[in-house]
Amino acid sequence: MALIPKKTKFRKAQRLNLKGRKASAGSTLCFGEFGLQVLEFYWLKTTQIESARKAITHCLKRGGKVWIRVCADKPYSARAAETRMGSGKGEPVGYAAVVKPGHILFEIAGVSEEVAKEAMRLAGHKLPVETRFVVKH
């Protein structure tokens, strides 16, 4: 399952800054009973999102349902190793999801709170950002 967009308007995107306010959209639980919430600004790459998803599904042992609430739609580029300065921007090498504090990354339903908490703890260890476990009230 590739977490990349089918088509983008532009091949390369500008970096822009990661400052600003907390996330307003995507900051509440919509589908499941439990969620994993981000507490920092970051660019999450597709490999990081996928490894966290695998950790969750492995812990759930094919029980419950998992929703991925982020979309890695921002292309990031890199220059080839040992190249000289100049000659433009590097080629796109992957996609990242820009997340703000308060954004929900994953949601789970259909399992007990202890199992969900453990699954989200394992997923949080796979991610390079500070996260917290949230419960729907």
Side-chain angles (χ1 to χ4, degrees):
M1 175 171 128
L3 293 168
I4 60 171
K6 290 179 185 170
K7 187 176 156 187
T8 56
K9 190 169 183 180
F10 299 105
R11 211 166 65 91
K12 297 176 185 177
Q14 293 184 332
R15 287 185 61 88
L16 303 176
N17 65 356
L18 280 176
K19 295 180 197 137
R21 298 180 175 186
K22 290 183 176 180
S24 54
S27 60
T28 56
L29 292 171
C30 295
F31 306 103
E33 302 156 12
F34 313 105
L36 188 68
Q37 191 175 43
V38 180
L39 301 175
E40 304 175 56
F41 290 99
Y42 206 78
W43 281 15
L44 286 177
K45 296 180 180 171
T46 53
T47 53
Q48 295 165 338
I49 297 168
E50 180 63 14
S51 67
R53 184 199 65 81
K54 278 185 174 181
I56 291 170
T57 53
H58 180 78
C59 188
L60 296 183
K61 297 181 180 147
R62 294 193 326 210
K65 183 154 175 58
V66 180
W67 288 272
I68 304 172
R69 293 282 308 274
V70 289
C71 176
D73 56 354
K74 186 179 184 78
Y76 63 92
S77 58
R79 297 286 299 275
E82 298 179 15
T83 52
R84 294 186 178 188
M85 293 283 105
S87 71
K89 189 173 178 176
E91 292 302 306
V93 292
Y95 289 88
V98 181
V99 293
K100 294 180 177 181
H103 198 99
I104 303 288
L105 291 180
F106 298 99
E107 290 189 30
I108 297 177
V111 293
S112 67
E113 187 171 349
E114 301 84 48
V115 174
K117 200 168 201 170
E118 179 62 17
M120 293 302 190
R121 186 187 68 79
L122 292 172
H125 286 307
K126 299 286 183 185
L127 299 171
V129 288
E130 193 73 30
T131 58
R132 75 174 175 193
F133 179 71
V134 289
V135 181
K136 194 175 214 173
H137 293 292

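The shown structure was predicted, so the numbers you read here are calculated from the model rather than taken from an experiment.
Note that the SG atom of C71 and the CD1 atom of I4 stand 10.5 Å from one another [nearest 0.5 Å]. Residue L36 holds its CG atom at 5.5 Å from CG of L105, rounded to the nearest 0.5 Å. One distance of note links NZ of K65 with CD1 of I108; it measures 12.0 Å at 0.5 Å rounding. K89 contributes atom NZ, which lies 7.0 Å from atom CD of Q14 (distance to the nearest 0.5 angstrom). Note that CD of E107 is 11.5 Å distant from CD1 of I68, once rounded to the nearest 0.5 Å. Interatomic distance, K22 NZ to L39 CG, rounded to the nearest 0.5 Å: 8.5 Å.
Counting heavy atoms from C-beta on, the side chains of V93 and Y76 come closer than 4.5 Å. Here the side chains of P101 and F41 are in contact, with some heavy-atom distance below 4.5 Å. In this structure, S51 and L127 have side chains that are not in contact, with every pair of non-hydrogen atoms separated by 4.5 Å or more. When side chains are defined from C-beta on, V70 does not count as touching V38, because their heavy atoms never get closer than 4.5 Å. Between D73 and T8 there is no side-chain heavy-atom pair separated by less than 4.5 Å. Looking at heavy atoms from C-beta onward, K12 lies in side-chain contact with E91 at the 4.5 angstrom threshold.
Applying the ring-ring contact (aromatic ring centres under 6.0 Å, His included) test to F31 and every residue at least two apart in sequence or in another chain returns W67. Under the side chain to side chain contact (heavy atoms under 4.5 Å, CB included) criterion, V98 pairs with L18, W43, K74, sequence neighbours left out. The side chain to side chain contact (heavy atoms under 4.5 Å, CB included) check on T83 picks up R79, A80, with sequence neighbours excluded.
Other members of the hydrophobic cluster containing V134, listed by chain and number, are L29, I104; membership follows side-chain contacts under 4.5 Å among ILVMFWY residues, whether direct or relayed.
The shortest heavy-atom contact between A72 and P5 is O-CD, 3.3 Å.
Among pairs with a residue in residues 44-63, none fulfils ring-ring contact (aromatic ring centres under 6.0 Å, His included), at least two apart in sequence or across chains. Sorted by first and then second residue, the ring-ring contact (aromatic ring centres under 6.0 Å, His included) pairs with a member in residues 96-137 read F34-F133; sequence neighbours excluded.
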Next on the checklist: Please evaluate residues R121 and E118 with respect to the criterion salt bridge (Lys or Arg N to Asp or Glu O under 4.0 Å), reporting the C-alpha separation (whole Å), side-chain torsions for both, the decisive distance (0.1 Å), and the verdict.
Outcome noted: CA-CA 5 Å; R121 186 187 68 79; E118 179 62 17; 2.7 Å; yes
Next on the checklist: Determine whether E113 and E33 satisfy the following criterion, side chain to side chain contact (heavy atoms under 4.5 Å, CB included), listing intermediate values before the conclusion.
Outcome noted: CA-CA 9 Å; E113 187 171 349; E33 302 156 12; over 6 Å; no
